[in-house]
Amino acid sequence: MDYIREFDIQLDKEQYYAGETVCGKVILDTIENFQMKSIRVALRGKAHTEWKVMLSGDRRTVKEDQYFIDQRQTIWGEKHAIGKKSIIPRGVHKFPFSFDLPESALPCSFESRVGQIRYFFKVIIDIPYASPPQGMKYFTIIGPHIDCMDEHYLKPIVLENRRSTCCWCCKRGTVSLKSVLERSAYVCKESIKLKVTIDNQGEEDVWLRIRLEQICEYFIDRGVLGVSKEQKNLVLEYKGNPVKAQKKIKWDSGNVLVIPVVPTTLVNICRLIQIYYVLTVSLDTAKETDLVSVNMPLTIATVPFRIPNSGLNKTIKYEPASTHVEGGQYLAPDFLLGQVYDGNEHYLREPIVLYKPVYVTIDKSEYTEY
């Protein structure tokens, strides 16, 4: 519209938790008077999965949506008197709005090539005898609520495994591994608290290897077209020094295993997308990988660990996911303002990122856990 100089949607902040009130305003800067029926605002939260499959020799696109929030308001104008119009004078106008987010568990905002979880406002300016201007504003939901201090996350996970490199009927040449995960929930940028005991009674050197893996599962339930897809990404990996034959050592992770920024664990909240993490501790030899291994579930939480009665609190920050994991590898064209030509034919400016989901992290420089 030639007479609308600015049309913007502003929120009080960019990330919210379930149960909070989202406050914002629609800003219109007009250069002349014009007629307007209403301003309508819709708040939506939905998950979407989509990919191509082969069916009877044909390549088809399958997709599905799941809605978590669908609320609407008319923030200016008559809701029911169809056809009524009012004159908006020229100048800058601010139209406030507020929506209460549901108290129920909401999945975290998430972006990948085959599945997304998005929360956004859509604003429609209803103008008679003209195409209504529309605007979108995306924001991040931090969820679901997972507290590292919940009792079942504070219980240590102890796993052992062993393997004989001689024969199964004797104990000569046995390589054994014992892993103790002190707690099983962490927020991003915390250090994983892991202790490992290695008893190498074999004839070869062994190496400790630790891997944290992200598993993302996507689902589409369409009867005979019901399909699923799984994607795995290595979040972090550590390789230790060799443990000589006939030696026994104890290893403590200390601050070695720092979790990068990754999406929150998402299990049994969204029927289209699930995200979970597995910590694998293994011993390798020069000839064989995973000679002995154990797997432990690890939860990425939204509320960090606190030392009881210490009076110390971790500083919460919000950051986008790392680019080597799902949730950080892909950014939809919807969120990019394309390459811009600035007069230099040899230089195109990088696309401007309009929005990225963010996740809870801690500031390690301000807090020491132990």
Side-chain angles (χ1 to χ4, degrees), residues 15 44-70 105-120 122 136-144 146 188 211-237 259-278 280 297-300 302 318-338 351-360:
Q15 54 276 327
R44 292 197 178 100
K46 74 170 186 175
H48 175 79
T49 49
E50 177 178 343
W51 63 87
K52 295 185 181 297
V53 297
M54 292 297 295
L55 185 67
S56 302
D58 295 330
R59 191 168 178 81
R60 300 186 184 181
T61 297
V62 292
K63 56 187 176 181
E64 188 168 2
D65 293 332
Q66 179 185 0
Y67 282 86
F68 309 104
I69 307 173
D70 190 1
L106 293 174
C108 59
S109 300
F110 177 75
E111 286 290 320
S112 73
R113 192 173 295 275
V114 297
Q116 304 90 35
I117 301 173
R118 294 176 178 174
Y119 299 88
F120 59 91
K122 182 176 181 179
M136 301 274 284
K137 174 67 175 179
Y138 292 88
F139 65 97
T140 294
I141 286 291
I142 304 298
I146 303 174
C188 303
R211 306 184 300 280
L212 178 61
E213 194 171 44
Q214 176 198 54
I215 299 99
C216 294
E217 297 177 345
Y218 304 95
F219 305 94
I220 294 174
D221 184 11
R222 290 295 187 190
V224 294
L225 291 180
V227 289
S228 64
K229 182 185 287 283
E230 181 180 276
Q231 293 186 347
K232 296 182 179 181
N233 289 283
L234 184 64
V235 176
L236 64 83
E237 184 174 33
I259 302 172
V261 185
V262 295
T264 310
T265 296
L266 190 60
V267 178
N268 298 327
I269 301 294
C270 174
R271 60 179 171 82
L272 303 185
I273 300 173
Q274 293 208 112
I275 306 168
Y276 56 96
Y277 299 85
V278 176
T280 300
L298 188 142
T299 299
I300 302 298
T302 54
Y318 303 96
E319 298 181 28
S322 302
T323 55
H324 66 284
V325 298
E326 282 286 271
Q329 292 177 335
Y330 172 77
L331 194 62
D334 315 43
F335 306 141
L336 296 174
L337 197 59
I352 298 171
V353 177
L354 301 175
Y355 166 77
K356 273 186 177 181
V358 293
Y359 303 95
V360 174

Nearest-0.5 Å distance, CG of residue Leu106 to SG of residue Cys270: 11.0 Å
Minimal heavy-atom distance between Tyr277 and Pro263, with the atoms involved, is OH-O, 2.6 Å
Is it the case that the side chain of Ser322 and the backbone of Val325 share a donor-acceptor pair, with hydrogens and angles ignored and the cut-off at 3.5 Å? no
Intermediate values then yes/no, side-chain contact (heavy atoms from CB on, under 4.5 Å), Ile259 and Leu298: CA-CA 11 Å; Ile259 302 172; Leu298 188 142; 4.2 Å; yes
Is any side-chain heavy atom of Ile275 closer than 4.5 Å to one of Thr265? no
Between Tyr218 and Glu230, is there a donor-acceptor pair closer than 3.5 Å when you use the side chain of the first and the backbone of the second? no
Hey, are the side chains of Val267 and Gln274 touching, using non-hydrogen atoms and a 4.5 Å cut-off? yes
Just do the side-chain contact (heavy atoms from CB on, under 4.5 Å) check on Phe68 and Ile117 with the steps written out, would you? CA-CA 10 Å; Phe68 309 104; Ile117 301 173; 4.2 Å; yes
From CH2 (Trp51) to NZ (Lys229), nearest 0.5 Å: 6.5 Å
Between the side chain of Ser109 and the main-chain N/O of Pro357, is any donor-acceptor distance below 3.5 Å? no
Is the backbone of Ser112 close enough, under 3.5 Å, to the side chain of Gln116 for a donor and an acceptor to pair up by distance? yes
Kindly compute the distance separating OG1 (Thr280) from CD (Glu213), expressed to the nearest 0.5 Å. 6.5 Å
Could you walk me through whether Leu234 and Arg211 satisfy the side-chain contact (heavy atoms from CB on, under 4.5 Å) test, starting with their C-alpha distance in whole Å, then the side-chain angles of each, then the deciding distance to 0.1 Å, before giving a yes or no? CA-CA 7 Å; Leu234 184 64; Arg211 306 184 300 280; 3.9 Å; yes
Least distance between heavy atoms, Cys188 atom then Ile300 atom: SG-CG2, 4.1 Å
Just wondering, do Thr49 and Phe219 contact through their side chains at under 4.5 Å, heavy atoms? no
Heavy-atom nearest pair, Glu50 first then Thr61, reads OE2-CG2, 3.5 Å
Any Lys/Arg nitrogen of Asp334 or Arg118 sitting under 4.0 Å from an Asp/Glu carboxylate oxygen of the other? yes
Residue pair Leu331 / Val353, side-chain heavy-atom distance below 4.5 Å: yes
Could you state the interatomic distance from OH (Tyr67) to NZ (Lys46), rounded to the nearest 0.5 Å? 4.0 Å
Say you draw a straight line from CD of Glu326 to CD1 of Ile215; how long is it, rounded to the nearest 0.5 Å? 12.0 Å
Is atom CZ of Arg271 surrounded by more than 12 heavy atoms (other residues, nucleotides or ligands) closer than 6.0 Å? yes
Note: Ala321 and Tyr359 closest approach over all heavy atoms is CB-CE1, 3.8 Å
Is there a donor-acceptor pair closer than 3.5 Å between any side-chain N or O of Glu237 and the backbone N or O of Leu212? no
When you measure from the side chain of Thr302 to the backbone of Pro144, do you find a donor-acceptor pair of N or O atoms at a distance under 3.5 Å? yes
Report yes if the side chains of Leu236 and Pro260 come closer than 4.5 Å at any heavy-atom pair, otherwise no. yes
Taking the six-membered ring for Trp, are the ring centroids of Tyr138 and Phe335 within less than 6.0 Å of each other? yes
Please find the pair of heavy atoms, one from Gly45 and one from Tyr119, that lie closest to each other, and give the distance. CA-CD2, 3.5 Å
Checking side-chain polar atoms at under 3.5 Å, does Gln214 have a donor or acceptor matched by the opposite partner on Tyr276? no
Determine whether His48 and Lys63 satisfy the following criterion, side-chain contact (heavy atoms from CB on, under 4.5 Å), listing intermediate values before the conclusion. CA-CA 7 Å; His48 175 79; Lys63 56 187 176 181; 3.9 Å; yes
Would you say that Asp221 contacts Glu64 through its side chain, given a criterion of any heavy-atom pair below 4.5 Å between the two side chains? yes
Measure the CG-CG distance between Leu272 and Leu266 for me, rounded to the nearest 0.5 Å. 10.5 Å
Note: Lys356-Glu111 ion pair, threshold 4.0 Å (strictly below): no
Check Ile142 against Val358 and note the closest heavy-atom contact, atom names and distance. CD1-O, 3.6 Å
